[in-house]
Number of protein chains: 2
Amino acid sequence: MAEIPKTKKKRDAEATKSRILMAAKSEFAKRGLGGARVDEIAELAEANKRMLYHYFGSKEDLFRTVLEEAYLDIRKAERELNLEDLSPTDALETLVRFTWQYYLDNPEFITLVNSENLHGARHIKSLDNLPETMRGLVGMVDEILVKGQATGEFRSGIDAAQLNITIAAIGYYYLTNRHTGSFLFGRDLMEEKALDERLAFNIETVLRLVRADAQGN
Amino acid sequence: MAEIPKTKKKRDAEATKSRILMAAKSEFAKRGLGGARVDEIAELAEANKRMLYHYFGSKEDLFRTVLEEAYLDIRKAERELNLEDLSPTDALETLVRFTWQYYLDNPEFITLVNSENLHGARHIKSLDNLPETMRGLVGMVDEILVKGQATGEFRSGIDAAQLNITIAAIGYYYLTNRHTGSFLFGRDLMEEKALDERLAFNIETVLRLVRADAQGN
DNA sequence: TAAAGAAGTAACTAGTTAGTGCATTAAAGG
DNA sequence: CCTTTAATGCACTAACTAGTTACTTCTTTA
């Protein structure tokens with residue numbers, strides 16, 4: 001008799017590790033670090049809990065790994081936008097659109113970051129490659145701002161780090177608080193029309209913030 | 001012999017209830033709904049855990065009460081700003097400053113809201129007085145916008161709800177992510193100078209967003 | 001092909017946690 | 001006073017949870 005074909009290869013360390021990581025991302029995103037259950041992650045990954053401890057050491061170490069991957073991934077995607085090839089205005093609009101869409105496509109990112117902040121950022125503090133990549137992003141935005149000033153599109157004196165924070169904030173806040181927001185405002189903030197409106201508003205916000213006015217400031 | 005004066009009266013239902021509520025706010029803010037410990041709340045309140053269940057029924061009901069108080073409190077404080085008495089520009093700047101300072105003075109508000117969103121806003125959904133107060137705030141901002149258009153200070157076509165969300169977002173995001181932010185940016189986002197800079201940037205953001213430009217839009 | 005090591009499993013442990021049963025004690029009205 | 005009712009305290013339990021022990025099974029390579 002023919003063997004039942006298994007989706008899961010009998011022995012594959014990399015695949016198991018990767019399944020655990022994906023399951024962990026999903027579970028941590030759904031319930032936070034504290035609310036996540038190690039048994040649930042193992043089951044979701046179709047792996048044994050022992051393997052989770054074998055590969056990742058502890059629940060918190062697993063969380064750290066998930067977080068690191070999440071941060072590296074968004075920074076990588078940002079770099080791949082090649083903003084330096086666009087006009088300053090287009091570059092900023094593209095960054096606002098990207099940030100918004102990234103949060104929509106990767107909702108776990110927001111929950112992971114929230115969870116990490118609830119715990120005083122103690123997990124990422126040992127990951128010293130993360131500040132480097134953040135400096136890269138701020139540097140990129142700063143270049144856009146300098147270029148925009150040179151062309152006269154933008155005013156001077158804008159802090160790149162603050163602008164970065166604001167671009168993240170206006171999307172992040174809307175999405176992280178979508179449940180309370182939908183209830184308090186009495187309408188579904190996640191329906192397509194509402195999302196489109198919010199994105200348009202955010203682009204307007206950022207462009208008006210940087211644009212040189214009639215007096216050139 | 002004179003009786004030892006006790007700070008705590010022997011029997012005082014209201015006082016005990018209130019101490020439990022304050023303790024719960026603090027514990028929920030520090031650890032979130034899932035991470036908070038009922039025993040910890042009782043101890044912090046110098047009350048017995050039995051009393052907590054006597055007065056509030058369950059951990060989740062207690063959380064709901066804490067949340068309701070928090071929302072009612074910020075909305076009340078906003079109303080007391082009497083923004084309608086200020087010029088449109090001053091009114092918006094005041095609202096931005098207030099929102100920022102409220103988050104700074106009441107850091108538990110942010111954590112409570114985050115926790116509630118992690119749980120799909122399921123606790124506040126039974127509190128139907130909250131959407132009313134939110135409508136009040138949006139209405140107030142809308143009046144400011146209408147008045148500002150009339151005086152020519154503001155451009156037309158600004159959505160009051162979106163503006164509200166943005167005013168909250170630019171402060172909330174910075175503060176809720178202060179731990180990861182401080183680490184990623186490599187500097188303490190909570191030192192006085194940094195806070196002042198952020199507030200100034202936020203006021204600039206909002207005023208440029210609403211201001212009528214040279215062409216009157 | 002044999003042996004060694006890596007991958008995988010099930011059952012268990014020690015500690016924790018929300019919630020409760022029941023007895024006791026203080027206050028307030030008659 | 002004395003009775004009733006509400007406030008309070010202690011000790012318990014049933015369920016849960018991160019992490020581990022002791023073992024089996026597969027794969028690779030010398």
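Throughout, a chain's letter reflects where its sequence line sits, starting with A, and its residues are numbered from 1.
For the pair B:D39 CG and D:dG9 C1', the interatomic distance rounds to 14 Å; values are reported in whole Å. The nearest whole Å value for the distance from the OH atom in A:Y53 to the P atom in C:dA10 is 17 Å. Look at CG on A:L52: it is 13 Å from P on C:dT9, rounded to the nearest Å. Here C:dT25 presents its C1' atom at 13 Å from CG of B:N48, a figure rounded to the nearest Å. The interatomic distance linking A:E46 (CD) with C:dG8 (P) rounds to 12 Å, in whole Å. For the pair B:M51 CE and D:dT8 P, the interatomic distance rounds to 5 Å; values are reported in whole Å. In this structure, B:K59 places its NZ atom 14 Å from P of C:dT20, rounding to the nearest Å. Taking atom CZ of B:F56 as the reference point, atom P of C:dT20 lies 16 Å away to the nearest angstrom.
Residue B:A36 is classed as a sugar-phosphate contact, given heavy-atom separations below 4.0 Å to backbone atoms only.
B:Y55 is not listed as a side-chain neighbour of B:L62, based on a closest heavy-atom distance of 4.5 Å or more.
For C:dG8, one of the phosphate oxygens OP1 or OP2 lies less than 4.0 angstrom from a side-chain nitrogen or oxygen of A:T16. A close approach under 4.0 Å does occur between a side-chain nitrogen or oxygen of B:Y55 and OP1 or OP2 of D:dT8.
A donor N or O paired with an acceptor N or O is not found under 3.5 Å between the base of D:dG9 and the side-chain atoms of B:K49. For A:R50 and D:dT21, a side-chain-to-base donor-acceptor distance below 3.5 Å is present, hydrogens and geometry of angles not being considered.
Between B:A121 and A:T180, the shortest heavy-atom contact is CB-N, 3.7 Å.
Note on ring orientation: taking the six-membered ring where Trp is involved, the planes of A:Y102 and A:F98 are tilted (angle from 30° to 60°).
Checked against the 6.0 Å centroid criterion, the rings of B:F28 and B:F63 qualify as a close aromatic pair.
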